[in-house]
Amino acid sequence: MAAIADTLFLGALVVTMDRDDRRIDDGAVAVRDGEIVAVGRRSELETIEADETIDATDHILMPGLINGHLHMGDSLFRSLVEDLPLEPWLERLWISERAFVTHENVSLGARLALCEMIRSGTTSGLDMFWFPEAGADAAIEAGFRLVTGPILFDFDGPDGIANEDRIAVGERWLDRYDDEPLIRACVQPHNHLTVSPEGMQAARRLANDAGALFHTHCSETATEVGSTRERFGRTPMAHLDDLGILEGPTALAHCVHLTDDDFDRLARSGAAVLHNPLSNLKLGSGIAEVARMLERDIPVLIGTDGPVSSNDLDMWTAMRFAGLLQRGHRQDSTLTPAREIVRMVTSAGARALGLGDVVGRVAVGLRADLILIDLAAPHLTPMFDPYAHLVYAVGRDDVRSVMIDGAFVLRDRVLTTLDEDAVLSEVRTLADQIRVHAASVAGTDVS
Ligand SMILES: [Zn+2]
């Protein structure tokens with residue numbers, strides 16, 4: 001076969017996550033102009049002419065991981081507030097956020113998060129934070145695929161945008177990033193208690209007009225459900241459903257506390273659930289009924305949530321917890337098969353975010369978001385079931401190289417687009433200021 005490729009991977013175990021769940025031993029993948037142009041066995045593809053041929057023997061080559069829910073900017077506040085339930089924890093966190101959330105700092109937090117995510121094999125994420133343009137620009141600079149967009153709150157935030165201007169500002173934001181190939185837009189009100197019913201509906205219209213995903217938090221804690229019942233006389237899911245908020249592509253973070261009626265509404269709506277097992281456990285929020293969601297064909301993605309609550313952006317740990325939790329919770333080791341967990345962070349995750357024809361599978365015609373996992377390690381030897389390895393044995397240090405849109409962003413464990421030393425140094429300097437401020441607020445030393 002004579003063809004020209006930019007990059008040709010040879011000899012990997014290719015875990016395609018395609019519609020037939022094909023796995024190719026001694027496999028090969030060719031990439032040209034950012035697109036996957038051939039997938040097959042080494043013997044079929046090794047004659048392809050390529051600018052660069054990569055020996056991928058003893059590696060898994062698979063789609064990059066998709067983090068379904070995160071707050072990149074919160075990486076600046078990692079471990080600042082600990083050991084509180086969600087509501088008082090948020091109140092305390094927001095004091096520091098208000099003091100330090102500027103465009104410049106959010107950009108720094110995003111770059112920190114991107115270093116961590118790329119190193120660990122994550123190639124896309126759904127991010128909600130102040131100054132979403134700072135996150136989007138940092139992602140473009142890093143060559144990372146990001147779903148993000150305007151956020152909405154009813155109170156004045158650190159971004160200086162007046163509440164009544166948020167929709168208009170959001171419209172301009174969506175226009176501005178419309179042609180960015182690495183950015184996929186979403187509209188993201190924080191939740192239905194911090195945004196009024198009218199605000200939620202305006203956000204839904206904004207999303208639908210732009211053909212964008214709608215992303216919000218829903219039913220994270222029992223306290224939230226109680227407050228929603230008190231204020232609106234119904235559960236968060238019923239509230240969103242009755243307001244028409246679920247009409248259109250929707251992603252709901254958490255969904256920990258759902259009634260039978262909520263389950264029916266959720267399943268009918270087609271909305272995706274963003275499951276954050278570590279954050280839910282650490283904040284004592286509860287255990288989302290993920291196995292039940294899968295039984296109802298509700299799309300589920302896995303996320304890390306912000307590094308303030310979970311406390312890192314490691315998708316491998318999140319996958320492992322997602323797999324284990326349902327089994328322990330329901331005392332049934334047949335639940336959440338490993339392959340299903342891998343689908344959530346690749347093919348199914350991409351589909352739920354509207355990226356199913358773009359990424360999430362190793363298939364011809366898709367963009368080349370690919371990761372190489374080094375199998376030459378005691379904890380990965382032997383390997384009889386790659387899916388079980390990916391969920392229960394692989395860790396972020398096993399990720400050797402990461403390609404996004406056909407370009408290496410991590411090469412032999414070295415970041416190629418981000419200056420990690422500079423980012424860490426800037427973050428340490430800022431952390432000193434955050435520490436002093438937090439101590440002055442609390443009247444105690446935060447060390
Ligand atoms: Zn969140």
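Computed from a prediction, not measured in an experiment: that's the story for all the values here. Just so you know, ligand 1 is whichever comes first in the structure, and atom 1 is the first atom listed for that ligand. By convention here, the first residue in the shown sequence is residue 1.
- By the 4.0 Å N-to-carboxylate-O rule, Asp405 lies close enough to Arg367 to be salt-bridged with it.
- Side-chain rings of His71 and His69 approach one another, their centers coming within less than 6.0 Å.
- Protein N/O/S atoms closer than 2.8 Å to the Zn ion (ligand 1): His69 NE2, His71 NE2, His217 NE2, Asp305 OD1.
- We find the CD1-CD distance between Ile167 and Glu171 to be 7.5 Å, quoted to the nearest 0.5 Å.
- Proximity of the aromatic rings of His379 and Trp316 is defined here by a centroid distance below 6.0 angstrom, and this criterion is not met.
- In terms of the side-chain hydrogen bond (donor to acceptor under 3.5 Å, both in side chains) criterion, Arg98 has no residue partners (sequence neighbours excluded).
- Note: His190 and Phe153 have parallel aromatic rings, judged against thresholds of 30 and 60 degrees for the angle between ring planes.
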